[in-house]
Amino acid sequence: MLDSKLDLLIRNSTVLENAKSSFGMGTFKRCNALNLTLRNIEADIDKINECISIIKGNSSIFSNFRGNNLLTTAVNLSMKNNPNKSFHEIMDIYKKLKDRFFTNEFLVLAAQTIYNYKEDNEIDSLVINTRKAYDLMKENHLFLTGHEDICSAALIATTSKDLDKTFKDMEECYSILRKNGFIAGNNLQSLTHILSLFEGSPEEKCEKVILLNKTLKKHSTALKSYSLPILGVVALTNYDYENFANELTSTTKKLSKHRGFGIFSLDSVIRNMIAASLVSLEAIENTDSSIKDKLIETTNSISLNIVIIMQIAAASAASAAAAAAAASN
């Protein structure tokens, strides 16, 4: 089954090469190929390009739905029965979020997360709770919390029944993991955000994360740095960590041989993250659908968050270099 998922991932990645207005978005294409694959969906390039046209036809050239978010939004819309209607509903949610946050491109992903959970919740309440969750993040970690955490806030808002308790448990996880060798910082904070989406006490969840981390280190395979949140997803959706480590090593090697996923095309952290998501999916394919949904939503949100952060960092570096060059002249 894992090989068939890997084949689907490669096919989806190849198809996405033909997406309009996506030049230079290689890493976004790999992450969106993963998004489709986790849902067992074959990429429909005609529908994706139609969705790109819908977005462009209903947003300005400077809209946050363009640029980094264009392909991701189009791929998500392509899985809907009525993409045009869905896009306008997502735009409405985005506008509601803009009333509570400074405008930024992470609001687009947050709006899509809220849209995916709208059937079971009242949208205005989800928007309000997204802001509340974000405020609680800033209360606990003022200097670590940035715009990229809005997507996590939206995920937490859709699942938590008691935000105060959720954040109390989150801080316990942060403290436990710090005492067990995890480095304090934004990546650890993001990991605790993801742990909050799953059942269990802070001690139980952290014990699993610590054990998995030790197992991966023993196998010289790591989920670290900005992929640390995926460690939490894997720890709470797998039961045989030795088998997972072996499967991860094997899958990463297979993946690196394919165009677009090799060492010269894709960051090793993201490649490991993609492989880990596929291996985890195999472990829960026939289990509780709500757990599978959490794996898909969290993996998709984390991976695309990471890519946007990388793009912003690259753009900032380029701008700084240009400014320095101009100053020297």
Undergrad: How many angstroms lie between CG in L2 and CG in L9, if you round to the nearest 0.5 Å?
TA: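 One gets 10.5 Å once the value is rounded to the nearest 0.5 Å.
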Undergrad: Do you know which two heavy atoms are closest between S280 and N238, and how far apart they sit?
TA: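 It is OG-ND2, 3.0 Å.
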Undergrad: Does the side chain of S21 pick up a donor-acceptor pair with the side chain of K56 at under 3.5 Å?
TA: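 Result is yes, a qualifying pair exists.
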Undergrad: Under 3.5 Å, is there a donor-acceptor pair between the H147 and E105 side chains?
TA: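 No, E105 and H147 have no side-chain donor paired with an acceptor closer than 3.5 Å.
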Undergrad: Do you see a donor-acceptor pair shorter than 3.5 Å between the side chains of S53 and K20?
TA: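 A pair is found: one side chain offers a donor N or O, the other an acceptor, under 3.5 Å apart.
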Undergrad: Hey, what do you get for CG (N186) to OG1 (T145), rounding to the nearest 0.5 Å?
TA: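 Going from the CG atom of N186 to the OG1 atom of T145 covers 7.5 Å.
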Undergrad: Decide yes or no on side chain to side chain donor-acceptor pair (under 3.5 Å) for S78 and D44, but give the supporting numbers first.
TA: CA-CA 7 Å; S78 75; D44 183 337; over 6 Å; no
Undergrad: Minimum heavy-atom separation for A74 to I55, with atom names?
TA: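 Heavy-atom minimum between the residues: N-CD1, 3.6 Å.
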Undergrad: Less than 4.0 Å between a side-chain N and a carboxylate O, is that true for K205 and D169?
TA: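 Salt bridge: no.
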Undergrad: Is K165 salt-bridged to E171, going by a charged N under 4.0 Å from an acidic O?
TA: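 No, no charged N to carboxylate O under 4.0 Å.
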Undergrad: Is the closest side-chain donor-acceptor distance between N140 and Y174 under 3.5 Å?
TA: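 Per modelled atom types, N140 and Y174 side chains form no pair under 3.5 Å.
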Undergrad: Answer yes or no: is there an ion pair linking E89 with K85, defined by an N-O contact shorter than 4.0 Å?
TA: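 Yes, this pair counts.
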Undergrad: Should the pair K218-E242 be classified as a salt bridge under the 4.0 Å nitrogen-to-oxygen rule?
TA: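 Yes, this pair counts.
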Undergrad: Which ILVMFWY residues can you reach from F264 by hopping between side chains whose heavy atoms are under 4.5 Å apart?
TA: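 Listed partners: I263.
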Undergrad: Determine whether I150 and I128 fall in the same hydrophobic cluster, where Ile, Leu, Val, Met, Phe, Trp and Tyr are linked whenever their side-chain heavy atoms lie under 4.5 Å apart.
TA: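 Different hydrophobic clusters.
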Undergrad: Is there a donor-acceptor contact under 3.5 Å linking the side chains of N64 and N104?
TA: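 No.
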Undergrad: Side chains of N12 and T37 only: does a donor on one sit below 3.5 Å from an acceptor on the other?
TA: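 Side chains of N12 and T37: pair found under 3.5 Å.
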Undergrad: Under 4.0 Å between a Lys/Arg side-chain N and an Asp/Glu carboxylate O for K96 and D92?
TA: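 A salt bridge is absent here (no side-chain N lies under 4.0 Å from a carboxylate O).
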Undergrad: Does atom CG of L211 have more than 12 heavy-atom neighbours, drawn from other residues, nucleotides or ligands, at distances under 6.0 Å?
TA: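 Atom CG in L211 is crowded, with more than 12 foreign heavy atoms closer than 6.0 Å.
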Undergrad: What distance separates E247 CD from T252 OG1, expressed to the nearest 0.5 Å?
TA: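 With rounding to 0.5 Å, CD (E247) is 10.5 Å from OG1 (T252).
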Undergrad: Apply side chain to side chain contact (heavy atoms under 4.5 Å, CB included) to residues S256 and F261 and explain how you reach the verdict.
TA: CA-CA 5 Å; S256 65; F261 293 92; 5.9 Å; no
Undergrad: Between C206 and C173, which heavy-atom pair has the shortest distance, and what is it?
TA: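 Heavy atoms of C206 and C173 come nearest at SG-CA, 3.5 Å.
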Undergrad: Are a donor atom and an acceptor atom from the side chains of N40 and K5 found within less than 3.5 Å of each other?
TA: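 Distance-only check passes for N40 and K5.
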Undergrad: Is the closest side-chain donor-acceptor distance between S59 and R66 under 3.5 Å?
TA: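 S59 vs R66: donor-acceptor pair found between side chains.
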Undergrad: Does D149 form a salt bridge (charged side-chain N to carboxylate O under 4.0 Å, His left out) with K138? I'd like the steps, not just the answer.
TA: CA-CA 10 Å; D149 295 302; K138 290 188 78 71; over 6 Å; no
Undergrad: Regarding S86 and Y115, is there a side-chain donor-to-acceptor distance under 3.5 Å anywhere?
TA: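 Per modelled atom types, S86 and Y115 side chains form a pair under 3.5 Å.
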Undergrad: How about D267 and Y226: does a side-chain donor come under 3.5 Å of a side-chain acceptor?
TA: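 The criterion, which ignores hydrogens and geometry beyond distance, is satisfied for Y226 and D267.
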Undergrad: Do T166 and S196 pair up side chain to side chain, a donor and an acceptor below 3.5 Å, judged on atom types alone?
TA: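 No donor-acceptor contact under 3.5 Å links the two side chains.
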